[in-house]
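These figures come from a predicted structure and were not determined experimentally.
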Amino acid sequence: MIFPRYFLSMAAALALGVQGTAFAQQADNEIVYCLGDHELDYGTGGKNAETYDVALRLADPALVGLQVKAVRISFAQTEQLSNAHAWLTKALPAVKSSKAGEPDICKQAFEISTTDVEVVFDEPYTITAEGVYVGYSFDVAKATDEAARPVKTTQYTSPDGFYIHTTKVYRTAWRSLYPNAGQLAMQVVLAGDGVMQNAASAVWAPEVNIKTGQSWWDEFELVNHGNKGIRNVEYTLEIDGQTFTNQQSVYVKNIYGRFTTVPFELPALSEKGAYPYTITITKVNGEANEDAYPSVSGVCNVYNTLPKHRSVVEEYTGTWCGYCPRGFVGLEEMNRLYPDDFIGISYHNGDPMEITSQFPSDVNGFPDCWLDRKGQTDAFCGNSQYGTFGIDQAWLQACSVFAPAAVEVESEWTDDETLKATAYVTFPVERADCPYELGFVLTQDGMTGTESGWTQSNYYAGEEGWPESMDQFTQGSRSIKGLVFNDVIVARSGIAGIEGSLTAPIVADVAQQYSYAFRMQDVVNTSGQNIVQDKQQLRVIALVIDTRDGSIVNANKAMAGLSSVTTGIARPALTQDETVSHVDYYDLQGRRVVMPRQGSLYIKAETTANGQVRTSKIRM
C-alpha cells in the first residue's frame, strides 16, 4: 500500500492561529478523518458574490467498508454565508456555465448558524474501492475581509486533500490545490464494525546514506488509524538478516490520518552496498496492531566515502543597489552561524568590486541569489516571508541532499604572485562516464575603500520589523560609508567547469586531483584595476559542477596557503568550555522548531556568548 508523505504547505504564511472546536467526541464504533486542525483561512479573496464548492477525496483502501456518517465543517464567521449543502459523490460534478452540477450520491442542506457545524447524513454511505468525494457548497454575498477567505484548511497537504470550484475565480473546472494550499480542515465522521481501536501504519521511511562502520539515527512517519489514538508503539527493524525490536512513547490524537515521526537506529554495517530495511509496527498502546498495513520499507546506502555536502550561495549585489544590504547581512550571518561549512560567493555589479557581467546563473535584477545554481532564493530571507531571516533554512535543506562526490581543497603560494589551488575529488560510487568538472573561485574578505563607489546605498533606513542583524542598515543613513565586504569574488577559472579536470571512468573511493593557478597580476576589476587588498584575506573555493545542467553538486574552501582538511577556515573553532547563550533546534529538513518533541531527531545549534555557533545532531 502506498501512502502520500504529508508535508508543510507554503500557505502556512496565512496562518491565523489554531482555534478550538465545539465538536462532540466520537463513539467506540466511530473514527474521525482529518489530517490537521483548522489553522489556516483560504479563499479567492473576491469581494463580490460567489459560490464555493470544495471537497476532499477518501481513497485509502483501509477505509473501504466504513460508512460516511457525518461531516464537521468550520467557518471563520457566519455573516455573508448562506445556501449551504454537504454532499457525497463518486465523481466531481461537471461544470457548465460556471455552475457545478449535482453530486451523484447525496446532498443535504444545513444552516450556517455557528462557526462549527455538524451535518449528519440521512443515510450513511459505505465507502467502496473506488473511493468517494466528500464536500460542501455555500454562497458568499458581498464579501468582508473574513468572508473573502471562508474555507478552513490545515497546514498539511495530501494529493486528494483539497479540490475547489467557484463561480468567479475557479469557474471553468474543478482544481486541485495540492500542494500549494493546506488540506480541507473538514472532519469526516466514519462508522462501522471495521473501525479499529489500536491501529497504526508506518507510511514513510527515509533513504539513508551512512559510512561503513557507523550507526545512524533517523525517523520514520507513523499515522494513526485507530479510535484510541497512539500513546506508544513497539516496532521491529529488519536489515541485512538482523531484526531489532524497540519501543517508543508518542502522542497522536484519536483521529484517522494524524501522524508523527518516530526515531529509529540503523546499525553499523561493515560492507559497502545498498541495504533494504523494513520497519513493522507490531504493537500500539501495548496491544497487537490491528492495521492491515503495518510496515514500510526504505534503503540504507552504505559507502566507504560519504561526501559532506556544502551548498554554495552565490549572491548578486552592488553598492548602488539600495535593497542589496539584506544580502550583505545574510552572508555575514551565515558565516557567523556556520563558519566551517558555509560557502558564499558575492558577485558585485557596477562598483569597484565588479570583475564580470557574465554570471553563472540567470540574473534578471539586483539583488539576486542562487543556491548551487539550481534554485533562485533570497540571500537574507531565503524562501521565508520577506523581512525574516531564512537563508539558513534554505541552505540547510540544500545541504541535506546527497552529494555525488566529496571534495577537499588546498592552496599554496608557488611564488609571491601565484596562488596554486589543488582539489581532491572522491566519488563514493564507480561509473563508466564522468559528467562532472571542477571550477575554481578566488574570493577576498575585508575589502573596503573610501571612494564614492564603495558607499553602499541603503533603502532600509528607518524601516521597522527586521531582525536585529539588520540594525546597521535600519538604524543607519541612506548611504553607508566604510563597509567591509567579505566573500567577494575577485577571480575565477571560468563561468563553468574546466574541461578534462575530472575524467572517466570514475573509480570509487579513489581521489582525482587537479590544480589551477591564480596569478595576482590578473586579479583585476572590469576597469583593469588590481583589487588584491590583502593576500591573507584571499580564499580559494573548489566547485564540483554537473555538466548536464551546470549545477554545483559540492564544494569546499580554504584560506590562501592553507588546506580545507586542517585549517581551511579563518575563524577559530569553539572550545567546549565557552558559555552557551542561546540554543536553536532545526528538524532534519532544516526548519526551525519552536517546541522540540521528546524522542525526535534535531539539529542543535548552540550560540555562545562571543557569537560563535556549534551544531550537532541529537535525539531529544
Heavy atoms of other groups near Arg431 CZ, more than 12 under 6.0 Å: yes
Check against side chain to side chain donor-acceptor pair (under 3.5 Å), Asn254 and Asn227: CA-CA 5 Å; Asn254 58 336; Asn227 176 276; 5.2 Å; no
Once the angle between the rings of Phe264 and Phe220 is folded into 0 to 90°, is it parallel (under 30°), tilted (30 to 60°) or perpendicular (over 60°)? tilted
Side chain to side chain contact (heavy atoms under 4.5 Å, CB included) evaluation trace for Asp53 with Thr166: CA-CA 6 Å; Asp53 306 299; Thr166 69; over 6 Å; no
Give me the atom names and distance for the closest heavy-atom approach of Gly387 to Cys381. N-SG, 3.5 Å
Apply side-chain hydrogen bond (donor to acceptor under 3.5 Å, both in side chains) to Thr89 and list each qualifying residue two or more places apart in sequence or on a separate chain. Asp104
Checking side chain to side chain contact (heavy atoms under 4.5 Å, CB included) for the pair Trp370/Val313: CA distance, chi angles, key distance, verdict? CA-CA 6 Å; Trp370 286 76; Val313 172; over 6 Å; no
Non-hydrogen side-chain atoms of Leu222 and Ile230 separated by less than 4.5 Å: yes
Taken in chain and number order and not counting sequence neighbours, the residues that satisfy salt bridge (charged side-chain N to carboxylate O under 4.0 Å, His left out) with Glu123 are none
Considering residues at least two apart in sequence or located in another chain, which fulfil the ring-ring contact (aromatic ring centres under 6.0 Å, His included) criterion with Phe162? Tyr42
Mind checking what makes salt bridge (charged side-chain N to carboxylate O under 4.0 Å, His left out) contact with Asp362, not counting sequence neighbours? none
Between His309 and Asn554, does a side chain to side chain donor-acceptor pair (under 3.5 Å) hold up when you go through it step by step? CA-CA 6 Å; His309 189 174; Asn554 210 353; 4.8 Å; no
With sequence neighbours left out, what residues match Asn289 under side-chain hydrogen bond (donor to acceptor under 3.5 Å, both in side chains)? none
How close do Gly286 and Asn232 get, heavy atom to heavy atom, and via which atoms? N-OD1, 3.4 Å
Would you check if the distance from the ring center of Tyr52 to the ring center of Tyr136 is below 6.0 Å? no
Tell me which pairs pass salt bridge (charged side-chain N to carboxylate O under 4.0 Å, His left out) where either residue lies in residues 294-310, with sequence neighbours left out. Lys308-Asp341, Arg310-Asp341
In this structure, is the centre-to-centre distance between the rings of Tyr436 and Phe427 below 6.0 Å? yes
Are Asn301 and Glu207 linked by a side-chain donor-acceptor pair shorter than 3.5 Å? yes
Taking Thr167 for its side chain and Thr51 for its backbone only, find out whether a donor-acceptor pair lies under 3.5 Å. yes
With Tyr303 via ring-ring contact (aromatic ring centres under 6.0 Å, His included) - residues at least two apart: Phe402
Any chance you could lay out the side chain to side chain contact (heavy atoms under 4.5 Å, CB included) test for Phe244 and Ile239, step after step, and finish with the verdict? CA-CA 9 Å; Phe244 304 89; Ile239 185 170; 4.2 Å; yes
If the condition is side-chain hydrogen bond (donor to acceptor under 3.5 Å, both in side chains), which residues does Lys99 pass it with, not counting sequence neighbours? none
Keeping Glu50 on the side-chain end and Val169 on the backbone end, is there a donor-acceptor pair under 3.5 Å? yes
Begin from the C-alpha positions of Tyr133 and Asp160 and carry the test side chain to side chain donor-acceptor pair (under 3.5 Å) through to its verdict. CA-CA 9 Å; Tyr133 290 91; Asp160 282 320; 5.5 Å; no
For a 4.5 angstrom cut-off between non-hydrogen side-chain atoms, does Val188 reach Leu58? yes
Shortest non-hydrogen contact between Leu371 and Ser311, atoms and distance: CD2-OG, 3.4 Å
Side chain to side chain donor-acceptor pair (under 3.5 Å) between Thr157 and Gln183, intermediate numbers included: CA-CA 5 Å; Thr157 68; Gln183 169 153 323; over 6 Å; no
Describe, in one word, how the ring planes of Phe380 and Phe389 are oriented to each other, choosing from parallel (under 30°), tilted (30 to 60°) and perpendicular (over 60°). perpendicular
Side-chain contact test, heavy atoms from C-beta onward, threshold under 4.5 Å: evaluate it for Tyr251 versus Thr260 and give yes or no. no
Greater than 12 external heavy atoms within 6.0 Å of Asp549's CG: yes
Output yes when Asp116 and Arg72 qualify as a salt bridge under the 4.0 Å nitrogen-oxygen rule, no when they do not. no
Contacts of Lys374 meeting side-chain hydrogen bond (donor to acceptor under 3.5 Å, both in side chains) (sequence neighbours excluded), chain-then-number -> none
Assess the side chains of Asp218 and Trp216: does a donor N or O sit below 3.5 Å from an acceptor N or O? yes
So, Thr261 side chain and Glu219 main chain: donor-acceptor pair closer than 3.5 Å or not? no
Using side chain to side chain contact (heavy atoms under 4.5 Å, CB included), reason through Leu237 and Leu266 one step at a time and then give a plain yes or no. CA-CA 8 Å; Leu237 168 70; Leu266 287 164; 4.2 Å; yes
Measuring only between side-chain heavy atoms, which start at C-beta, is Leu269 closer than 4.5 Å to Thr212? no
With rounding to the nearest 0.5 Å, note down the distance linking OG in Ser98 to CZ in Arg171. 5.0 Å
Measuring only between side-chain heavy atoms, which start at C-beta, is Asp122 closer than 4.5 Å to Gln108? yes
Test ring-ring contact (aromatic ring centres under 6.0 Å, His included) applied to Tyr125 - qualifying residues, sequence neighbours left out: none
Check step by step if ring pair (Phe, Tyr, Trp, His ring centres under 6.0 Å) holds for Phe259 and Tyr156. CA-CA 11 Å; Phe259 63 98; Tyr156 301 100; 5.2 Å; yes
Using 0.5 Å steps for rounding, measure from the SG atom of Cys300 to the OH atom of Tyr277. 7.5 Å
What's the separation between atom CD in Glu287 and atom CD in Gln197, rounded to the nearest 0.5 Å? 10.5 Å
Do you know which two heavy atoms are closest between Asn285 and Arg231, and how far apart they sit? OD1-N, 2.7 Å
With a 6.0 Å cut-off (strictly less than), is the heavy-atom count around CD of Glu130, excluding the residue itself, greater than 12? yes
Does any non-hydrogen side-chain atom of Tyr235 lie less than 4.5 Å from one of Asn246? yes
What pairs of residues pass the salt bridge (charged side-chain N to carboxylate O under 4.0 Å, His left out) test when at least one of them lies in residues 248-274, not counting sequence neighbours? Asp37-Lys253, Asp37-Arg258, Lys272-Glu430, Lys272-Asp509
What residues, two or more places apart in sequence or in another chain, satisfy ring-ring contact (aromatic ring centres under 6.0 Å, His included) together with Phe121? none
